[in-house]
Amino acid sequence: MKIVVISIIILISCIIYLNKVSASPSVIESKSTQITENFIQNQVQKNNSIGLTVKSIVNHYPQQSASIVSTTLDLYPDKYKEIIHSAISAQPALAQEVVTIAISKGITSCSSIVETAINADPSYVDFVVTAAASTTPEELNEIVRIAVITEPDSADYIVQSLAKEHPSKIVEILSTAIGAVPLVGEYVVEALLAAFPNNAEQVVTTAVRESAAKRENVIKIIEAAYNSGITSEDLGSYAINGGATQEEVAEVLSIKD
């Protein structure tokens, strides 16, 4: 009889233990989420600043940065600029992840998130734009436009990075970049020709056409294309198809040849 009783007790203990084990993940997750929210809210009250709070917590717990940013955006969606800027300023390598999280929340426009992230650390602009374009590919042109306007000095990296991710959209990316900041034409042409030498005709013709309002920019684009290794014959054909004059082509070739 004792053996039977002991067996029953052991069986009941095992069942209770298994129930606890199976329930523990959700319980732990619930407690963890609650602790994270309470902790963030307490820190915000203590610092009287969401920006300082995010920067401090991310620096102290970098392995939990994604969760921290996500939770903070949920708690204070109207303060997204401070949250994004502080998180990236504290850990620039988080730029791509922060942008993806912020866009997925739907708290504001993609372009506003891109602009905020670039301003936080311009050196990670290529990660910012590729993350944004991957999350919202339908807004590719707007991402190019706002990125080039925000950080024109990195226009070549912006265009090249996005073209590599979306090679079928080279013409749109190039057109948008030059349309946003005409002066970047020669630099984005150099970058695209280096990455896509087989697309030389598309690149040169599009760049020349989009730069028609500034003839000096047309000359610079033709020079950039020539320096990239395009033959004089092909260059002349591509440039003229884009709207360059015979004189403009000849001016470049007479100097280079």
Side-chain angles (χ1 to χ4, degrees), residues 32-33 36-37 39-166 173 176-177 180-181 184 188 191:
S32 177
T33 301
T36 301
E37 289 179 354
F39 181 69
I40 290 173
Q41 289 172 323
N42 289 336
Q43 290 300 308
V44 169
Q45 291 177 354
K46 183 186 297 184
N47 294 323
N48 198 30
S49 168
I50 292 175
L52 288 176
T53 296
V54 171
K55 183 173 288 189
S56 175
I57 298 176
V58 167
N59 277 328
H60 281 88
Y61 307 100
Q63 72 279 5
Q64 298 182 40
S65 297
S67 175
I68 292 165
V69 170
S70 179
T71 302
T72 310
L73 287 171
D74 287 338
L75 290 171
Y76 309 99
D78 58 321
K79 301 294 184 181
Y80 72 91
K81 286 190 176 182
E82 289 181 57
I83 296 168
I84 293 171
H85 194 283
S86 297
I88 295 176
S89 295
Q91 297 288 338
L94 290 173
Q96 194 166 6
E97 195 167 18
V98 170
V99 168
T100 301
I101 292 170
I103 292 176
S104 67
K105 298 287 183 184
I107 52 180
T108 187
S109 67
C110 175
S111 59
S112 183
I113 291 171
V114 169
E115 181 180 9
T116 303
I118 292 173
N119 283 329
D121 195 322
S123 64
Y124 279 76
V125 64
D126 49 341
F127 293 98
V128 170
V129 295
T130 52
S134 295
T135 308
T136 54
E138 69 279 5
E139 295 193 41
L140 178 61
N141 289 341
E142 180 60 15
I143 292 167
V144 174
R145 188 190 70 81
I146 197 68
V148 172
I149 290 174
T150 305
E151 185 59 23
D153 289 343
S154 299
D156 49 349
Y157 294 111
I158 294 168
V159 169
Q160 190 180 72
S161 297
L162 288 174
K164 286 179 178 178
E165 293 293 322
H166 306 272
I173 293 170
T176 303
V181 183
V184 304
V188 297

Peer 1: Just wondering, more than 12 heavy atoms not from Tyr80 lying within 6.0 Å of its OH?
Peer 2: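 Above 12, so yes.
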Peer 1: Please tabulate, for the side chains in residues 54-65, all donor-acceptor contacts under 3.5 angstrom to protein atoms that are two or more places apart in sequence or on a different chain.
Peer 2:
unit_1	atom_1	unit_2	atom_2	d
Asn59	OD1	Gln91	NE2	3.4
Asn59	ND2	Lys55	O	3.1
His60	ND1	Ser56	O	2.8
Ser65	OG	Pro62	O	2.7

Peer 1: With a sphere of 6.0 Å drawn around CG of Asn48, does it hold more than 12 non-hydrogen atoms of other residues, nucleotides or ligands?
Peer 2: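 Counting neighbours around CG of Asn48, 12 or fewer heavy atoms of other residues, nucleotides or ligands fall under 6.0 Å, so no.
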Peer 1: Write down the atom of Ile40, the atom of Thr53, and the distance for their closest heavy-atom approach.
Peer 2: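 Minimum heavy-atom contact is O-CG2, 4.1 Å.
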Peer 1: Has the side chain of Ser104 got a donor or acceptor atom that lies under 3.5 Å from a matching backbone atom of Ile101?
Peer 2: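 Yes; at least one donor-acceptor contact below 3.5 Å.
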Peer 1: State the CD-CG distance between Glu151 and Asp121, to the nearest 0.5 angstrom.
Peer 2: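 Rounded to the nearest 0.5 Å, the CD-CG separation comes out at 10.0 Å.
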Peer 1: About how many Å separate CG of Leu94 and CD1 of Ile84, when rounded to the nearest 0.5 Å?
Peer 2: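 Answer rounded to 0.5 Å: 12.5 Å.
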Peer 1: Using modelled atom types only, decide if a donor and an acceptor are shared between the side chain of Ser109 and the backbone of Ser112 within a distance under 3.5 Å.
Peer 2: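 Yes, Ser109 side chain to Ser112 backbone: donor-acceptor pair under 3.5 Å.
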Peer 1: In Å and rounded to the nearest 0.5 Å, what is the OG1 to CD distance from Thr71 to Glu37?
Peer 2: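 With rounding to 0.5 Å, OG1 (Thr71) is 6.0 Å from CD (Glu37).
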Peer 1: For a quick test of reading the model, state the closest non-hydrogen atom pair linking Pro77 to Ile107 and the distance between them.
Peer 2: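 Nearest pair, atom of Pro77 first, then Ile107: CB-CG2, 3.8 Å.
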Peer 1: Taking ring-ring contact (aromatic ring centres under 6.0 Å, His included) as the test, write out the residues that go with Tyr124, two or more places apart.
Peer 2: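 In terms of ring-ring contact (aromatic ring centres under 6.0 Å, His included), with neighbours along the sequence ignored, Tyr124 is linked to Phe127.
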Peer 1: Minimum heavy-atom separation for Val99 to Ala117, with atom names?
Peer 2: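 In this case the closest contact between Val99 and Ala117 is CG2-CB, 3.6 Å.
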Peer 1: Test of understanding: with side-chain hydrogen bond (donor to acceptor under 3.5 Å, both in side chains), list the residues that count as partners of Lys105, not counting sequence neighbours.
Peer 2: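 With neighbours one apart ignored, the set is Ser70, Asp74.
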Peer 1: I would like to know whether Ile143 and Thr136 meet side chain to side chain contact (heavy atoms under 4.5 Å, CB included); could you show each step before the answer?
Peer 2: CA-CA 9 Å; Ile143 292 167; Thr136 54; 3.9 Å; yes
Peer 1: Which heavy atom of Leu75 sits nearest a heavy atom of Gln41, and at what distance?
Peer 2: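 That would be CD2-NE2, 3.7 Å.
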Peer 1: Shortest non-hydrogen contact from Ala155 to Val148?
Peer 2: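 So the minimum-distance heavy-atom pair works out to CB-CG1, 4.2 Å.
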Peer 1: Which pair of non-hydrogen atoms, one from Ser111 and one from Ile146, has the smallest distance, and what is that distance?
Peer 2: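 Heavy atoms only, the tightest pair is O-CG1, 3.9 Å.
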Peer 1: Mind checking the NZ-OG1 spacing from Lys81 to Thr116? Nearest 0.5 Å is all I need.
Peer 2: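 It is 5.0 Å, given to the nearest 0.5 Å.
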Peer 1: Compare all side-chain heavy atoms of Gln43 with those of Lys46 and state whether any distance is below 4.5 angstrom.
Peer 2: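 Yes. Closest side-chain heavy atoms under 4.5 Å.
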Peer 1: Roughly how far, to the nearest 0.5 Å, is the CG atom of Asn47 from the CD atom of Gln45?
Peer 2: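 Atom-to-atom, Gln45:CD and Asn47:CG are 10.5 Å apart.
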Peer 1: Which distance, rounded to the nearest 0.5 Å, do you find between the OG of Ser134 and the CD of Gln96?
Peer 2: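 Between Ser134 OG and Gln96 CD, I get 7.5 Å after rounding to 0.5 Å.
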Peer 1: With side chains defined as the heavy atoms from C-beta onward, is the minimum distance between Leu162 and Leu140 less than 4.5 Å?
Peer 2: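 A side-chain contact under 4.5 Å exists here.
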Peer 1: Check whether any side-chain heavy atom of Val184 lies under 4.5 Å from a side-chain heavy atom of Asp156, and answer yes or no.
Peer 2: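 In short, these two side chains do not touch, never coming nearer than 4.5 Å.
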Peer 1: Between Glu165 (side chain only) and Thr130 (backbone N and O only), is there a donor and an acceptor less than 3.5 Å apart?
Peer 2: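 No, because the side chain of Glu165 does not come within donor-acceptor range (under 3.5 Å) of the backbone of Thr130.
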Peer 1: After noting the C-alpha distance and the side-chain angles of Val129 and Val144, does the key distance pass the side chain to side chain contact (heavy atoms under 4.5 Å, CB included) rule?
Peer 2: CA-CA 8 Å; Val129 295; Val144 174; over 6 Å; no
